[in-house]
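A quick write-up on the structure given underneath.
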Amino acid sequence: MSEKSEPGQDQSLAAESGFQTFPVAPGYRVNVRSGPGTSYSIVKVLPYGSYVSIRCQGSGTTVSGPYGTTDLWDCVGNGQFVSDAYVQTGSDGYVATRC
């Protein structure tokens, strides 16, 4: 597997899911975890310039990031969660159904 990804590849894959898509904070490679918290294992790392589709959101470990401090976690796939502090949703609250 290559370390580099095509710039539009992540966006197009996320857009095909049918869920609302949001950009990850520019300049960050974001950990995707197996649950809504930092104690869960890292299942993958999103490359720079990624987009995520949020299936649902729930509370978990509080994290500080470029978009504030929050305990909100975004489910971006089956058993895949990212802290909302690293996703540009335009809101400090829920933008999707609760998990």
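Numbers here simply count residues along the sequence, with the first being 1.
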So, do D92 and T70 sit near enough that their side-chain heavy atoms are less than 4.5 Å apart? no
Using residues 80-87 as the side-chain source, report each donor-acceptor pair under 3.5 Å to any protein atom, sequence neighbours left out, with the distance given to one decimal.
residue: S83; atom: OG; partner: A85; partner atom: N; Å: 3.2
residue: Y86; atom: OH; partner: S64; partner atom: O; Å: 3.4

Rounded to the nearest 0.5 Å, how far does OG1 of T89 lie from CD of Q20? 9.0 Å
How close do L72 and Q57 get, heavy atom to heavy atom, and via which atoms? CD2-NE2, 3.7 Å
Looking at side-chain heavy atoms only, is the closest gap between T62 and T69 below 4.5 Å? yes
Check: F22 and Q88 side chains under 4.5 Å, non-hydrogen atoms: no
Do you know the tightest heavy-atom contact between T21 and Y51? CG2-CB, 3.7 Å
Could you walk me through whether C75 and C56 pass disulfide (SG to SG under 2.5 Å), step by step? CA-CA 5 Å; C75 177; C56 61; 4.3 Å; no
Check residues 33-45 and write down every donor-acceptor pair under 3.5 Å in which the side-chain atom is one partner and the other belongs to a residue at least two apart or another chain.
residue: R33; atom: NH1; partner: T38; partner atom: O; Å: 3.1
residue: R33; atom: NH1; partner: Y40; partner atom: O; Å: 2.6
residue: S34; atom: OG; partner: S41; partner atom: N; Å: 3.4
residue: S34; atom: OG; partner: S41; partner atom: OG; Å: 3.2

Heavy-atom pair with the smallest gap, counting every atom of Y28 and P66: CE1-CG, 3.6 Å
With a 4.5 Å heavy-atom cut-off, do Y48 and P26 have their side chains touching? no
Count I, L, V, M, F, W, Y as connected when their side-chain heavy atoms are under 4.5 Å apart, and connections chain through other members. Are V32 and Y67 then in the same cluster? no
